[in-house]
Enquirer: 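So that we are looking at the same thing, I have put the structure below in structure tokens.
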There are 2 protein chains.
Amino acid sequence: MAGYSSSVGADQERRKPRIDQSDGLSRRATIHDVARLAGVSRQTVSRAVNDKGEIDPATKERVLEAARLLDYRPSRFARGLVRKGTVTAGLVIPDLMNPFFPEVAAGVLEAAEQRGWQVVVCDTRSDDAREREALDMLSHQADAVVGYFKNEDDVLARHLGGVPLVLLERGPQQTRFAAVGIDAAGGLERGMAHLVGAGHRRIGMLDGDRGPVRGPRHEAFLAQARRHGLDVDEGWIVCCAEHSVVGGEAAMERLLDVRPEVTAVFGFNDLIAVGAMRTARRRGREVPGDLAVLGFDGLSLGALVEPALTTLHLDKRRLGRLAVEQVARLLAGEGPLVGEDAWVIPELVVRASA
Amino acid sequence: MAGYSSSVGADQERRKPRIDQSDGLSRRATIHDVARLAGVSRQTVSRAVNDKGEIDPATKERVLEAARLLDYRPSRFARGLVRKGTVTAGLVIPDLMNPFFPEVAAGVLEAAEQRGWQVVVCDTRSDDAREREALDMLSHQADAVVGYFKNEDDVLARHLGGVPLVLLERGPQQTRFAAVGIDAAGGLERGMAHLVGAGHRRIGMLDGDRGPVRGPRHEAFLAQARRHGLDVDEGWIVCCAEHSVVGGEAAMERLLDVRPEVTAVFGFNDLIAVGAMRTARRRGREVPGDLAVLGFDGLSLGALVEPALTTLHLDKRRLGRLAVEQVARLLAGEGPLVGEDAWVIPELVVRASA
DNA sequence: TTGTAGGCGTTATCAG
DNA sequence: CTGATAACGCCTACAA
């Protein structure tokens, strides 16, 4: 730690030789400034900077030196105007702190990188207003947007200004936009079959907070309960204010109050399910002995808790990659994939909690 | 699922009225095309699109209709060329799958959003080559870059082309770039004091893989060991191939082979520490009874595992925000903050594992 | 090897 | 209220 406040970052301070103007202000150096300083034409500067051939090594060196002196960097705007082909995608995520989303994002970034696209990321922190602001920004800066949104279709459209949009995790019939979905119905079918097969009849659900309408997992849960002839209805579903462990803990608290006879719970996601386990155990119920817990997402975290979480595992990276594929189709004017082709299928991973 | 493959995404397919050219190809509509279709000048289109005043409501409507028809969107490049002030930062992250980084990223995004900046994110998956590619890209597209890098300063500089860089998690004396650091020495001082205070003398470390040089945590660990007069040296440190739970598991395996007499381990990060716990328990050692485990990072995951992980907690969001602050200084030509002002201090959070 | 002319798509300025 | 004209910074084509 000694000498810690010695002169550092010198590299950064040394530069900043901005061009002084008549008005007293300064601007960044342009190709013109470099040309003047080096005593050549702008064209020659361009050749040197983009190291094309057709230039005398000596002049090239002189030009490069001038550029260095002025801290010249080509304007990405001017360049983009002339050289077409730079694709920028926007990625809108509700909450980077939920491990689910970074994994989707990783898939998006990976696929984007392969195509040579860049990705501008926004974290809306699950806030409707911020969602709209993100769209306002991206509608200007991105060629397409992919993400999770709570706002409804027409609101999105209004803030999109015509930029193509790919929605994550919405079934096609729920939106007029292109989408990449999750087969919630199929997942819940397997999940509930597992629970019922283990003898459970009094199954509760800790739902996420899906805004005005009931989400697909909610619907699918009820459908499966009906199908198995369970005596389970809306009263067995409690909503989580937050899609997090604490959200799950609180919701489980309420579920146990309202339906103390419950023997199994299905969590909207793994975080919530983990919260459910914690509350259950704190209130003296063994998991899975007294209460079975089933999650949804397949976070790697689920394998680390105790008991390890049984869950409906999703290939989140693939979700992200698929989304980029959809974007590519839209950009090519091809029309998005639909139905099963744009679906990720949950896979039941049985561990200790159910 | 019924009717799932019905006509959807119609909204997307309907548009794409690109401008046909003499060469048979098609391009996106420009302001010029709209002007022609609406029978006005480009200027009027501009006024309508950016809804400035000074335009007849009727013409405005006509223009907007034309724009809609042609699916016109202003070119961000042309716009950027004329309107200054759009700031884009690049964020380079080694591994989005490690919960540490999304949290830093969240801090960066938050601070950037407040300043009205956009952030282009790259995930290098801890690959040196990808690091360089990311820089190549960002040096063209970003006004500044912040991130984690394994490549050395001069390599970075070479791929940076003069774009300001803020390094995350490197002490100033280790780099000529601006940086935001972590007070590893201070953290380890408290951590080791805790372990030694509990009577431990045979303490091992599961180090991360910090490339050629030994990282600050490594150094600090040895320094503290010395200070407490422990009989501990390099032989008590084993490196993890991966900064992950499995990486930690494997490393712990090796440590137990080489130093079975160990009574406490310090993990390079929480993931590794969790891996250590798992291996220890699998090999029949109680945690913390037979083996105390101390992590570094303070991931929320640590509170979920059993026993809950004692750790040196970092404010990762703050780390990200600080980085953006550094960028702002560089962009303003101010010279970066240095030393304690650009530091995040680990705080010992004692839980059950040590 | 180097320089000149023109255009990329948009907005600002200043006439009409 | 509307329309010329001139930048913005760079690159491609062509000419010297």
Side-chain angles (χ1 to χ4, degrees), chain A residues 18-19 21-23 25-64 66-67 70-86 139-141 143 161-162, chain B residues 18-19 21-23 25-64 66-67 70-86 139-141 143 161-162:
Chain A
R18 325 196 93 226
I19 305 300
Q21 291 178 125
S22 46
D23 58 8
L25 293 173
S26 69
R27 27 164 267 263
R28 247 180 57 183
T30 74
I31 198 174
H32 187 144
D33 302 313
V34 179
R36 198 152 30 113
L37 179 57
V40 298
S41 75
R42 296 176 304 180
Q43 192 41 234
T44 306
V45 176
S46 178
R47 280 191 274 254
V49 168
N50 306 319
D51 56 25
K52 312 234 168 184
E54 308 185 331
I55 182 175
D56 186 300
T59 27
K60 175 168 177 179
E61 200 36 65
R62 189 156 40 93
V63 169
L64 258 25
L70 297 177
D71 187 31
Y72 166 71
R73 270 165 293 147
S75 147
R76 66 170 169 285
F77 297 116
R79 230 182 212 169
L81 205 48
V82 170
R83 306 220 267 247
K84 316 294 185 182
T86 334
S139 66
H140 291 319
Q141 307 295 353
D143 301 299
Chain B
R18 325 195 93 224
I19 305 301
Q21 291 178 124
S22 47
D23 56 9
L25 294 173
S26 70
R27 27 164 268 263
R28 247 181 57 183
T30 74
I31 199 173
H32 188 112
D33 302 312
V34 180
R36 199 153 28 112
L37 179 57
V40 297
S41 75
R42 298 177 303 184
Q43 192 41 234
T44 304
V45 175
S46 178
R47 278 191 275 254
V49 168
N50 305 317
D51 58 23
K52 313 235 166 178
E54 306 186 335
I55 183 175
D56 185 299
T59 21
K60 176 168 176 178
E61 199 37 63
R62 189 156 39 94
V63 169
L64 256 26
L70 297 177
D71 187 29
Y72 166 71
R73 269 164 293 147
S75 147
R76 67 169 169 284
F77 297 117
R79 225 178 217 173
L81 203 50
V82 171
R83 304 220 267 247
K84 317 293 185 185
T86 334
S139 66
H140 291 319
Q141 307 294 354
D143 301 299

Enquirer: Once you round it to whole Å, what is the distance between P of C/dG9 and CZ of A/R79?
Expert: 18 Å

Enquirer: To the nearest Å, how far apart are B/H140 NE2 and D/dC10 P?
Expert: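 Atom NE2 in B/H140 sits about 13 Å away from atom P in D/dC10.
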
Enquirer: Starting from C1' on C/dG3, measure out to CD1 on A/I55 and report it in whole angstrom.
Expert: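 Checked: the CD1 to C1' distance equals 12 Å.
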
Enquirer: Do the charged groups of A/R27 and A/D33 touch, with an N to O distance under 4.0 Å?
Expert: yes

Enquirer: Indicate the atoms forming the closest heavy-atom contact of A/H32 with A/R42, along with that distance.
Expert: CA-CG, 4.1 Å

Enquirer: Under 4.0 Å between a side-chain nitrogen and a carboxylate oxygen: does that hold for B/D143 and A/R76?
Expert: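 The answer is yes: the pair qualifies as a salt bridge.
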
Enquirer: Respond yes when some side-chain nitrogen or oxygen of B/T44 is under 4.0 Å from OP1 or OP2 of D/dG3, and no when none is.
Expert: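 Yes, such a contact exists.
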
Enquirer: Rounded to the nearest angstrom, tell me the gap between atom CG in A/L81 and atom C1' in D/dA7.
Expert: 13 Å

Enquirer: With no hydrogens and no angle check, is any side-chain donor or acceptor of A/R62 less than 3.5 Å from a backbone partner on A/A38?
Expert: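 Indeed, once roles are kept as given, a pair shorter than 3.5 Å links the two residues.
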
Enquirer: To the nearest Å, how far apart are A/K84 NZ and C/dG9 C1'?
Expert: 7 Å

Enquirer: For B/L70 and C/dG9, what is the distance between atoms CG and P respectively, to the nearest whole Å?
Expert: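 Distance, rounded to whole Å: 14 Å.
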
Enquirer: Answer yes or no: is there a side-chain heavy-atom contact under 4.5 Å between A/Q141 and B/T86?
Expert: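 Yes, their side chains come closer than 4.5 Å.
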
Enquirer: Return the polar atom pairs (N/O with N/O) between nucleotides 12-16 of chain D and the protein under 3.5 Å, or none.
Expert:
residue : atom : partner : partner atom : Å
D/dT12  : O4   : A/Q43   : NE2          : 2.7

Enquirer: Within the structure provided, determine whether A/P57 and A/K60 are in side-chain contact (heavy-atom separation under 4.5 Å).
Expert: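 Answer no - side chains too far apart.
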
Enquirer: Go through residues 30-41 of chain A and report each residue with a non-hydrogen atom lying under 4.0 Å from DNA chain D, sorted by number.
Expert: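 A/T30, A/I31, in order of number.
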
Enquirer: In whole angstrom, what separates B/R27's CZ from C/dG9's P?
Expert: 6 Å

Enquirer: What is the distance from NZ of B/K60 to C1' of D/dC1, rounded to the nearest Å?
Expert: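 Spelled out: NZ on B/K60 to C1' on D/dC1 is 13 Å.
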
Enquirer: Return whichever of A/D56 or A/R42 has its heavy-atom-nearest nucleotide of DNA chain C closer to the 5' end.
Expert: A/D56

